Peer 1: 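The following block contains the structure, expressed as structure tokens.
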Amino acid sequence: MARKILVTAALPYASGQIHLGNLLEMVQTDIWVRYQRHSGADCTFVCATDAHGTPTMLKAREEGVSPEEYAESCRAAHVRDFEAFGIRFDNFYTTHSPENRELVERIYARLVERGYIHARTIQQAYDEEAGMFLPDRYVRGQCPSCGAEDQYGDSCTACGATYAPSELVNPRSILSGRPPVTRESEHKFFKLGEFESLLKTWMQASNLDRGARNKLAEWFKEGLKDWDITRDEPYFGFEVPGETGKYFYVWLDAPVGYMASFRNLCGPGEDGDSRFQRYFGPDSDAELYHFIGKDILYFHALFWPAVLLGAGMRTPSGVFVHGFLTVDGMKMSKSRGTFITAADYLAAGLDPEYLRYYYAAKLGSGLDDIDLQLDDFAARINSDLVGKLVNIASRCASFVQRGFGNRLGPRLHDPALYEEFVAQREQIGKHYESRSYGKAMRAIMALADRANVWINEQKPWELTKNPKRQDELQAIVTQGINLFRVLMTYIAPVLPQISSKAEAFLRSELNWNEVDEPLLGESIAEFKPLAGRISLKTLKALVETNRGQAAAEVEHSEPIDIDDFLRTDLRVAKIIKAERVAGANRLLRLTLDDGGKGRTVFAGIAGAYAPSILVGRKVVLVANLKPRKMRFGVSEGMVLAAGEGESRVFLLSPDEGAEPGMRVR
RNA sequence: GGUGAUGUAGCUCAGCUGGUUAGAGCGGCGGACUCAUAACCCGCAGGUCGGUGGUUCAAGCCCACCCAUCACCA
């Protein structure tokens, strides 16, 4: 009996654009789902746009449309982006749906019935001009703890203190800019604390990573507090039945949105209902897994199972938590150009399959962050995917075509080797199952290495000259093609496009459970390159373009703390020598006195400065910039200048008295 | 501040319940081959496994402290 599995990925929020971080999760989930389907499980994958909440309401207002219309346009954009990356949902719905409303109301009614809801009056910041209560993030002011300016209402980015918005010094609403007043409001609370022991039991029984368990244990230790599940109008969401002007908090209806998306997929009427019940009924034997980022573990491993337990429904079989994506070792940032959206990636002409492979190669089961390094990215695609894997088909195909009219031979030359490849299926499957895709990729690439070595040893190119050994030659290249076929089958969950191209080439389906049967005696299609190389230049250009756009919106640049800034070692330096660089019309080679041994820096300022007027001038130098090898030599730093480039470049210089080597801060 | 995670060759990472000379891929250098998308193959160089102290016959792996990085704090 095939496993029945329902999988979800975290709901992307309406107002956000899909970026490489969202894609990390979607790709992780999609690979798992595809693997399950390949290996014979009945696996369903649903998701939705998280439509509700204050940000959606305000954005819609800004754009002069209804929140429904706005959320729908976001959903369309989400669908488009995910499709481009080969994410194969069975349903991508929205949380603003009739199914979701019905489920939320039903669950809430049960929680009320069983006494898990109580009312409490709270004090909350209120913007009188905007006429609404303010979420913590909509109040800014001075941190009560360290005095840092312009901090959010919930925590300080400078000192890390957490507090209530009312504690901020000189608070103001980011909507009207006026100081908020405090108003009372009655909210509904969910008694999370009553579920502590049930949650602990659930945690033991369910599939959670060690890291996630640790985190939960930490929260249990702190004690579980009641959860505020309502918001005041105006709000975009579902109204609480029996109340006026009260809405369910977006985080209550979002996870229910998983169910609602599935309910929608099941179809209307009783048939739909019974299918739905097979997955969500209390005696369901279906597995239910949520893929999420570590930032929303609290919601998925505490609130969500507790709500389900409270409503007498089944709980998730597991919650799979992944880390964040960093780019070149740092958080994605608009100003660094590393906040890359799905659309940016595609616009740069990069193949989505490559990102899928790269993520797969680096993903493990834990919640460690994944770093996207551009050089590493290019290297892995070019050497692993193209140089190793695809190359196997490429180097064998020419023989099959020229010598045998694209027909494979009736036998393999080395059946034992083929068996070894088949024998890896189980282990690789386990790696997929446990989400250790990195290990799976390594195992596959190790086999690809073996295949390439084997072909080298067989030297098929020497046999072409010997008419008596044509059968042997055909058996060798037939084996090569078959080894490729096995590997493509293994990697198919990661590379849907390339593997379907491989299927077209092999004129046969890649079937996980049938790799032990080699493809013999069949005729195959003419070989066409399955994947091309990428150049580092394209990748770098992607970041550069983004950075350029970011510069245009300075006011939105992300705040950094003083330590971030101090990592940049700025020094006063004096230009000793400045000379044009032959072959580069924008560069000047500057020899600098930096207070130490001196150094050489290439600066793109030739369009604006004649070398002669620079000598003796003092500038500001980025002293700890990694040396960069250029065609003309190594640049050991950077001099600071303002402007867009070409002739519009303006060097910064210190006032009189500053000496080379002085730190700038 | 509290808590958690991470720190292994230039880069990305493996290293099972502690056990012989610490591994792979990429990059670098040298060589070989020519079937293949300058791909593939062989060889070489590169690490006091963040630091200090401890437990042990034996520690990258266990313990303590410290340092650095990242994250979370509903």
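These numbers were taken from a predicted model, which means no experiment stands behind them. Protein chains get the first letters and strands the later ones, always in sequence-line order, with residue 1 at the start of each. Worth knowing before you read on, the calculation uses all heavy atoms, side chains too, and leaves out hydrogens, waters and symmetry mates.
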Peer 1: I'd like the P distance from rG10(B) over to rU6(B), given in whole Å.
Peer 2: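 These two P atoms come out 22 Å apart once rounded.
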Peer 1: Write down the distance between CD (Glu457(A)) and C1' (rA32(B)), rounded to a whole number of angstrom.
Peer 2: 14 Å
Peer 1: With sequence neighbours left out, what residues match Arg213(A) under side chain to side chain donor-acceptor pair (under 3.5 Å)?
Peer 2: none
Peer 1: Pick the C1' atom in rG46(B) and in rA9(B), then give their distance to the nearest Å.
Peer 2: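 My reading of the C1' atoms in rG46(B) and rA9(B) gives 6 Å.
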Peer 1: Please give the distance between the C1' atoms of rC26(B) and rA45(B) as a whole number of Å.
Peer 2: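 That atom pair is separated by 15 Å.
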Peer 1: List the protein contact pattern of nucleotides 12-17 of chain B with one symbol per nucleotide (5' to 3'): B for base contact, S for sugar-phosphate-only contact, - for none; contact means a heavy-atom distance under 4.0 Å.
Peer 2: BSSS--
Peer 1: Can you name the residues that form a salt bridge (Lys or Arg N to Asp or Glu O under 4.0 Å) with Arg435(A), not counting sequence neighbours?
Peer 2: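 Counting only residues at least two positions away or on another chain, Arg435(A) forms no salt bridge (Lys or Arg N to Asp or Glu O under 4.0 Å).
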Peer 1: So Asp384(A), base contact, sugar-phosphate only, or nothing? Heavy-atom distance under 4.0 Å.
Peer 2: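 It contacts sugar-phosphate atoms only.
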Peer 1: Please report whether the ring centroid of Phe195(A) lies less than 6.0 Å from that of Phe190(A).
Peer 2: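 That pair passes the under 6.0 Å test.
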Peer 1: What integer distance in Å separates Leu367(A):CG from rA71(B):C1'?
Peer 2: 9 Å
Peer 1: Along nucleotides 35-43 of chain B, 5' to 3', which nucleotides get a B, which get an S, and which get a -, given that the test is a protein heavy-atom distance under 4.0 Å?
Peer 2: BBB-SBSS-
Peer 1: Distance between the P atoms of rG50(B) and rA38(B), in whole angstroms?
Peer 2: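 Roughly 40 Å separates the two P atoms.
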Peer 1: So, using ring-ring contact (aromatic ring centres under 6.0 Å, His included) as the criterion, who are the partners of Trp227(A) when residues are at least two apart?
Peer 2: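 Listed in chain order: Phe303(A).
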Peer 1: Partners of Thr8(A) by side chain to side chain donor-acceptor pair (under 3.5 Å), sequence neighbours excluded?
Peer 2: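 Counting only residues at least two positions away or on another chain, Thr8(A) forms a side chain to side chain donor-acceptor pair (under 3.5 Å) with His290(A).
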Peer 1: Given atom CE of Met441(A) and atom C1' of rA24(B), what is their separation to the nearest angstrom?
Peer 2: 16 Å
Peer 1: What is the distance from CG of Leu447(A) to P of rA24(B), rounded to the nearest Å?
Peer 2: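 In whole Å, rA24(B) P lies 17 Å from Leu447(A) CG.
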Peer 1: Name the stems with RNA chain B in them: runs of three or more consecutive Watson-Crick or G-U pairs, distances under 3.5 Å?
Peer 2: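 Detected stem regions: B:1-7 with B:67-73, B:10-13 with B:23-26, B:28-31 with B:41-44, B:50-54 with B:62-66.
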Peer 1: Could you work out, with ring-ring contact (aromatic ring centres under 6.0 Å, His included) as the rule, every residue matching Phe248(A), not counting sequence neighbours?
Peer 2: Tyr108(A)
Peer 1: Base, sugar-phosphate, or nothing for Lys294(A), non-hydrogen atoms under 4.0 angstrom?
Peer 2: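 Result for Lys294(A) = sugar-phosphate.
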Peer 1: Can you measure Leu389(A) atom CG to rG25(B) atom P for me and round it to whole angstrom units?
Peer 2: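 Those two atoms, CG and P, are 16 Å apart.
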Peer 1: Please name all residues satisfying side chain to side chain donor-acceptor pair (under 3.5 Å) with Gln497(A), sequence neighbours left out, ordered by chain then number.
Peer 2: none
Peer 1: Less than 6.0 Å separating the ring centroids of His52(A) and Tyr13(A)?
Peer 2: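 Ring centres of Tyr13(A) and His52(A) not closer than 6.0 Å.
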Peer 1: Can you list the residues that meet the ring-ring contact (aromatic ring centres under 6.0 Å, His included) rule with His19(A), with sequence neighbours excluded?
Peer 2: Phe339(A)
Peer 1: Give me the distance, rounded to whole Å, that separates rC57(B) from rC62(B) when you measure between the C1' atoms they each carry.
Peer 2: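 The answer is 16 Å between these two C1' atoms.
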Peer 1: Roughly, in whole Å, what's the span from CD1 in Ile296(A) to P in rC73(B)?
Peer 2: 11 Å
Peer 1: Under the ring-ring contact (aromatic ring centres under 6.0 Å, His included) test, which residues partner Phe377(A), sequence neighbours left out?
Peer 2: Tyr358(A)
Peer 1: Distance check needed: rC26(B) P versus Leu385(A) CG, whole Å only.
Peer 2: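 For the pair Leu385(A) CG and rC26(B) P, the rounded distance is 14 Å.
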Peer 1: Which way is the base of rG46(B) turned, syn or anti, if we draw the line at 90° from 0?
Peer 2: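 That one's syn.
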Peer 1: Less than 6.0 angstrom separating the ring centers of Phe320(A) and Trp32(A), yes or no?
Peer 2: yes
Peer 1: Distance check, C1' atoms only: rG43(B) and rC66(B), in whole angstrom units.
Peer 2: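 To the nearest whole Å, 43 Å.
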Peer 1: Scan Gly223(A) against the nucleic acid and name what it touches under 4.0 Å (heavy atoms): base, sugar-phosphate only, or nothing.
Peer 2: base
Peer 1: Say you pick atom P in rU21(B) and the same atom in rA32(B); how far apart are they, in whole Å?
Peer 2: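 Looking at atom P only, rU21(B) and rA32(B) are 35 Å apart.
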Peer 1: Would you measure the distance from the P atom in rU37(B) across to the matching atom in rG30(B) and give it in whole Å?
Peer 2: 26 Å
Peer 1: Can you list everything that forms a side chain to side chain donor-acceptor pair (under 3.5 Å) with Asp368(A)? Sequence neighbours excluded, please.
Peer 2: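 For Asp368(A), no residue satisfies side chain to side chain donor-acceptor pair (under 3.5 Å) once neighbours in sequence are set aside.
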Peer 1: Does NZ in Lys225(A) sit with more than 12 non-hydrogen atoms of other residues, nucleotides or ligands closer than 6.0 Å?
Peer 2: no
